[in-house]
Amino acid sequence: MSKDMKRPTDAELPILRVLWDLGPSTVREVFHALSATRETGYTTVLKMMQIMTDKGLLERDSSVRPQVYHAVRTQRQVQRQLVGDLADRAFSGSPGSLALQALSSRKSTPEERERIRRLLDKLEKESS
């Protein structure tokens with residue numbers, strides 16, 4: 001992930017989550033989805049999505065009315081960027097320290113632990 005890619009703010013992440021869940025959507029659709037869980041105004045959502053478009057986080061299809069927006073990067077790409085940034089800033093770049101803190105700070109499901117074991121096994125095989 002390129003270092004010059006804009007990192008979404010805490011206020012922008014819920015909009016991205018809606019777009020990842022719904023796919024390409026209008027401002028009104030995003031507003032309705034966000035309104036189900038938080039108090040927000042339509043014009044606030046519109047302004048945020050315009051800013052996110054200017055930052056390169058969203059793209060807008062202006063050929064249709066109402067305009068439709070979609071996320072430029074996938075959820076996985078953004079998560080990798082955010083985890084990398086966190087590892088660099090708080091854990092001196094150590095993915096192991098980050099993983100240990102994450103696993104010790106919250107309960108994980110048996111399925112999550114099994115996925116972690118499979119990933120560790122794969123990484124072990126690749127390094128051999």
Side-chain angles (χ1 to χ4, degrees):
M1 182 66 43
S2 172
K3 287 281 188 191
D4 61 346
M5 293 297 285
K6 296 287 185 184
R7 182 173 61 222
T9 65
D10 290 346
E12 294 166 343
L13 281 171
I15 292 171
L16 285 171
R17 280 190 210 99
V18 168
L19 290 170
W20 291 324
D21 289 344
L22 297 180
S25 303
T26 65
V27 173
R28 186 156 307 283
E29 291 167 331
V30 173
F31 165 71
H32 284 301
L34 290 173
S35 295
T37 59
R38 67 183 64 204
E39 192 172 319
T40 189
Y42 176 84
T43 56
T44 301
V45 175
L46 171 62
K47 186 63 177 170
M48 289 293 301
M49 291 177 72
Q50 290 170 336
I51 291 168
M52 293 171 72
T53 300
D54 292 342
K55 285 175 65 174
L57 296 172
L58 301 181
E59 287 183 348
R60 171 180 49 229
D61 182 354
S62 299
S63 68
V64 296
R65 292 285 185 234
Q67 297 174 345
V68 174
Y69 292 77
H70 71 273
V72 171
R73 292 181 288 156
T74 66
Q75 184 173 11
R76 184 180 183 115
Q77 289 171 320
V78 171
Q79 287 173 339
R80 283 181 178 244
Q81 178 191 21
L82 293 173
V83 167
D85 290 346
L86 180 61
D88 288 343
R89 288 184 295 118
F91 297 95
S92 301
S94 171
S97 294
L98 172 66
L100 289 170
Q101 282 299 323
L103 289 170
S104 65
S105 67
R106 298 234 166 80
K107 289 189 180 209
S108 57
T109 65
E111 295 81 17
E112 289 170 327
R113 289 190 300 274
E114 180 55 35
R115 286 177 52 209
I116 292 166
R117 283 185 191 93
R118 285 196 308 267
L119 175 60
L120 290 172
D121 289 345
K122 178 184 171 194
L123 292 172
E124 189 68 32
K125 286 178 185 173
E126 289 174 358
S127 69
S128 299

Examine [X] and [Y] and state if one hydrophobic cluster contains both, with Ile, Leu, Val, Met, Phe, Trp and Tyr joined whenever side-chain heavy atoms are less than 4.5 Å apart.
X    : Y    : value
L98  : L103 : no
I51  : V18  : no
W20  : M52  : yes
M48  : V72  : no
L120 : L100 : no

Any side-chain heavy atom of [X] within less than 4.5 Å of one from [Y]?
X   : Y    : answer
V27 : P66  : no
P8  : V78  : yes
L86 : Q101 : no

Checklist entry - To which residues is L119 joined in a hydrophobic cluster, defined by side-chain heavy-atom contacts under 4.5 Å among Ile, Leu, Val, Met, Phe, Trp and Tyr, whether direct or through other members? => result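 For the cluster that includes L119, the remaining residues are L123.
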Looking only at heavy atoms, what is the nearest atom pair of [X] and [Y], with distance?
X    : Y    : answer
A102 : S105 : O-OG, 3.2 Å
A71  : L19  : N-CD1, 4.3 Å
K55  : T9   : NZ-CG2, 3.9 Å
E112 : S108 : OE1-CA, 3.2 Å
K6   : L57  : O-CD2, 3.5 Å
R89  : R7   : NE-NH1, 4.1 Å

Checklist entry - Between the side chain of R60 and the main-chain N/O of Q67, is any donor-acceptor distance below 3.5 Å? => result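 Flag not set: sc R60 to bb Q67 has no pair under 3.5 Å.
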Would you give the length of the straight line joining atom [atom1] of [X] to atom [atom2] of [Y], rounded to the nearest 0.5 angstrom?
X    : Y    : atom1 : atom2 : result
L46  : Y69  : CG    : OH    : 6.0 Å
K125 : S128 : NZ    : OG    : 9.5 Å
T40  : I15  : OG1   : CD1   : 7.5 Å
L16  : T74  : CG    : OG1   : 10.5 Å
M49  : T26  : CE    : OG1   : 7.5 Å
Q75  : D21  : CD    : CG    : 7.0 Å

Checklist entry - Where do R118 and K122 land on the side chain to side chain contact (heavy atoms under 4.5 Å, CB included) test, with the steps shown first? => result CA-CA 6 Å; R118 285 196 308 267; K122 178 184 171 194; over 6 Å; no
Item to check | Results of salt bridge (Lys or Arg N to Asp or Glu O under 4.0 Å) for K47 - residues two or more places apart only | outcome: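 None.
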Item to check | side-chain hydrogen bond (donor to acceptor under 3.5 Å, both in side chains) involving H70 - partner list, sequence neighbours excluded | outcome: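 For H70, the residues satisfying side-chain hydrogen bond (donor to acceptor under 3.5 Å, both in side chains) (neighbours in sequence not counted) are E59.
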Next on the checklist: More than 12 heavy atoms of other residues, nucleotides or ligands under 6.0 Å from CD of E126: yes or no?
Outcome noted: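 Correct, the count exceeds 12.
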Checklist entry - In terms of heavy-atom contacts, does CZ of R115 have more than 12 from other residues, nucleotides or ligands at under 6.0 Å? => result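 No, because the 6.0 Å sphere around CZ of R115 holds 12 heavy atoms or fewer from other groups.
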